[in-house]
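Read the structure below first, then the notes.
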Amino acid sequence: MGLYATLDMAKRHLNIEDAFTDDDRYIEALIDVAEEKVAAELCTDVDSLASIGKDGEIPKPLVQAILLTIGAYYTNREDITTVQTKPLEQGVKYLTQLYRNFAL
């Protein structure tokens with residue numbers, strides 16, 4: 001299960017009622033995937049995300065990036081879509097670049 005996003009946080013972000021539990025295992029898997037994706041965007045590992053912030057806590061914009069990733073993957077469960085989509089201007093890429101060390 002995720003280190004930085006909980007099932008409850010993800011379900012609230014996805015507007016899923018607590019009583020609906022059919023997708024809980026799937027959402028938990030998405031949490032892990034989203035945390036790995038955000039860590040990879042920052043060229044680090046999931047365990048090190050907290051060290052980016054102050055007092056050993058992950059910065060709030062990175063938590064939001066994790067939740068946005070979960071939402072995108074939950075909504076788009078297939079690799080191909082017939083709907084034209086575009087990234088949010090201040091979406092995951094924007095939020096992760098706030099903390100990316102470009103000197104690496």
Side-chain angles (χ1 to χ4, degrees):
M1 186 135 96
L3 294 175
Y4 308 109
T6 64
L7 178 61
D8 183 57
M9 288 170 64
K11 287 177 83 166
R12 287 177 188 268
H13 178 76
L14 297 169
N15 291 320
I16 297 173
E17 296 289 331
D18 289 336
F20 180 74
T21 59
D22 291 357
D23 285 351
D24 283 4
R25 290 183 65 193
Y26 179 64
I27 295 168
E28 288 172 342
L30 291 179
I31 292 169
D32 292 336
V33 168
E35 289 181 354
E36 289 283 346
K37 181 183 183 296
V38 168
E41 288 281 338
L42 296 170
C43 301
T44 191
D45 59 73
V46 173
D47 294 329
S48 299
L49 286 175
S51 66
I52 293 170
K54 297 177 183 174
D55 301 324
E57 288 191 25
I58 186 172
K60 301 275 189 235
L62 295 182
V63 174
Q64 184 62 26
I66 291 167
L67 292 172
L68 287 172
T69 302
I70 293 165
Y73 289 162
Y74 186 81
T75 302
N76 302 296
R77 297 182 185 206
E78 302 297 330
D79 195 34
I80 298 171
T81 181
T82 57
V83 178
Q84 186 175 4
T85 61
K86 70 176 198 167
L88 292 171
E89 287 185 25
Q90 293 192 16
V92 175
K93 292 274 188 193
Y94 175 84
L95 294 170
T96 56
Q97 286 182 357
L98 294 173
Y99 298 94
R100 189 161 187 188
N101 182 353
F102 290 96
L104 295 175

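The figures that follow rest on heavy atoms only: side chains count, while hydrogens, waters and symmetry mates do not. In what follows, residues are counted from 1 in the order of the sequence shown. The structure presented is a predicted model; accordingly, all values stated were derived computationally and were not measured.
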Nearest 0.5 Å, please: how far is [atom2] in [Y] from [atom1] in [X]?
X	Y	atom1	atom2	answer
Gln64	Ile58	CD	CD1	11.5 Å
Leu7	Asp18	CG	CG	8.5 Å
Tyr74	Leu30	OH	CG	9.0 Å
Phe20	Asn15	CZ	CG	13.5 Å

When you check the gap from the basic side-chain N to the acidic O, do Asp23 and Lys11 get nearer than 4.0 Å? no
Sidechain-backbone polar pair: [X] side chain, [Y] backbone, donor-acceptor under 3.5 Å:
X	Y	answer
Thr6	Met9	yes
Asp45	Asp47	yes
Thr75	Gly71	yes

Side-chain touch [X]/[Y], heavy atoms, less than 4.5 angstrom:
X	Y	answer
Leu3	Leu49	no
Leu62	Tyr4	no
Ile66	Thr69	no

Locate the shortest heavy-atom distance separating Pro59 from Ile52; write the atom from each residue and the value. CG-CG2, 4.0 Å
Heavy-atom pair with the smallest gap, counting every atom of Ala5 and Ile31: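 Shortest heavy-atom separation between Ala5 and Ile31 comes out as O-CG2, 3.4 Å.
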Under the side chain to side chain contact (heavy atoms under 4.5 Å, CB included) test, which residues partner Ala65, sequence neighbours left out?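 Ala65 satisfies side chain to side chain contact (heavy atoms under 4.5 Å, CB included) with Val38, Val92, Leu95, Thr96 once adjacent residues are dropped.
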Pairwise side-chain hydrogen bond (donor to acceptor under 3.5 Å, both in side chains) hits with a residue in residues 25-38, at least two apart: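 Qualifying pairs: none.
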Can Ile16 and Ile27 be said to form a side chain to side chain contact (heavy atoms under 4.5 Å, CB included), step by step? CA-CA 11 Å; Ile16 297 173; Ile27 295 168; 3.7 Å; yes
